[in-house]
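For reference, the structure is listed below as structure tokens.
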Amino acid sequence: MNLRTRLSRSNGYRELGMFDESILELEAIEFGEDRWHPLVIEARYKTYRDAKEWELAKIMADLLTKRFPDQVEWLINKSEAMREMGDPPGAIQTLKDAQDRFAENAEYLFAVGRMHALLGELMEARKFVRQAIKLDSKFRVEFLEDSAFDGVWESF
């Protein structure tokens with residue numbers, strides 16, 4: 001069976017909440033290059049995330065962060081998994097360690113602001129979210145809709 005079919009089946013199982021079956025579909029991929037293809041690792045990440053298996057999700061996000069260090073998405077996913085595992089200070093430190101690469105990236109700035117908000121560091125949250133919105137106005141809507149920022153709203 002080809003990789004695309006396996007990924008499609010895995011995704012279908014994941015969307016149905018059948019997480020074990022989703023992973024088994026990925027485990028059925030033959031050993032070799034395809035087994036650790038970035039799309040397979042991403043599928044594993046999504047399944048573990050949706051199953052709230054945060055330690056395994058973090059491992060997959062970490063693999064993709066190392067493979068694609070210039071893609072902010074995986075850094076944010078790794079940080080989120082760390083927060084869910086009960087390490088908010090480590091999660092924000094992971095983000096801040098990449099500041100030199102992503103200081104002008106609105107998605108990165110928004111994620112840092114969100115993490116500060118979740119830690120109750122409201123002034124820092126406001127600063128980062130303000131920068132994100134200046135770079136990309138789409139984050140204004142996300143800011144309004146994300147309950148993580150409720151404390152920020154109350155601080156005005």
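Counting from 1, the numbers follow the sequence of the chain as shown. Everything quoted here is computed from the prediction, not taken from an experiment.
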Name the orientation class of the two ring planes belonging to Phe110 and Phe149 (parallel below 30°, tilted from 30 to 60°, perpendicular beyond 60°). tilted
Close side-chain approach of Pro88 to Leu118, heavy-atom, < 4.5 Å: no
Could you walk me through whether Asp150 and Ser147 pass the side chain to side chain donor-acceptor pair (under 3.5 Å) test, one step at a time? CA-CA 5 Å; Asp150 289 350; Ser147 64; 4.9 Å; no
Kindly check if the number of other-residue, nucleotide or ligand heavy atoms within 6.0 Å of CZ (Arg140) is above 12? no
Are the side chain of Thr65 and the backbone N or O of Trp74 linked by a donor-acceptor pair below 3.5 Å? yes
Taking atom CD of Glu80 and atom CZ of Arg49, what is their separation to the nearest 0.5 Å? 10.0 Å
Taking side chain as C-beta onward, heavy atoms only, is Leu63 less than 4.5 Å from Arg67? no
Hey, are Arg101 and Asp70 close enough for a salt bridge, meaning a charged N less than 4.0 Å from a carboxylate O? no
Residues two or more places apart in sequence or in another chain: which of them pass ring-ring contact (aromatic ring centres under 6.0 Å, His included) with Phe19? none
I'd like to check Asp34 versus Val40 (side-chain heavy atoms, cut-off strictly below 4.5 Å). Are they in contact? no
May I ask you to say whether Asp87 pairs ionically with Arg83, meaning some side-chain N is under 4.0 Å from a carboxylate O? no
Just wondering, are more than 12 heavy atoms of other shown residues or ligands nearer than 6.0 Å to OH in Tyr13? no
Quick one: does Ser22's side chain have a donor or acceptor within less than 3.5 Å of a partner on Met18's backbone? no
Any donor-acceptor N or O pair under 3.5 Å, side chains Asn2, Thr5: yes
Does any non-hydrogen side-chain atom of Glu107 lie less than 4.5 Å from one of Phe102? no
Can you see which heavy atom on Ile41 is nearest to which on Met60, and at what distance? CG2-O, 3.6 Å
So, are Arg44 and Glu27 salt-bridged, with charged N and O less than 4.0 Å apart? yes
Would you confirm whether Ser10, through its side chain, and Arg6, through its main-chain N or O, come within 3.5 Å as a donor-acceptor pair? no
Please enumerate all residues that pass side chain to side chain contact (heavy atoms under 4.5 Å, CB included) together with Gln99, with sequence neighbours excluded. Ala103, Tyr108
In this structure, is the centre-to-centre distance between the rings of Tyr48 and Trp54 below 6.0 Å? no
Is there side-chain contact between Asn77 and Glu73, with at least one heavy-atom pair below 4.5 Å? yes
Is any side-chain heavy atom of Asn105 less than 4.5 Å from a side-chain heavy atom of Leu135? no
What pair of heavy atoms forms the shortest contact from Val152 to Ala125, and how long is it? CG2-CB, 3.8 Å
So Asp62 and Lys66, salt bridge (Lys or Arg N to Asp or Glu O under 4.0 Å) or not? Walk me through it. CA-CA 6 Å; Asp62 194 37; Lys66 288 175 182 170; 3.3 Å; yes
Ignoring hydrogens, what is the shortest heavy-atom contact between Phe143 and Val129? Give both atom names and the distance. CD1-CG1, 3.6 Å
Could Glu55 and Lys58 be called an ion pair, given the rule that one side-chain N must be under 4.0 Å from one carboxylate O? no
Can you find a heavy atom in the side chain of Leu39 that is under 4.5 Å from one in the side chain of Glu42? yes
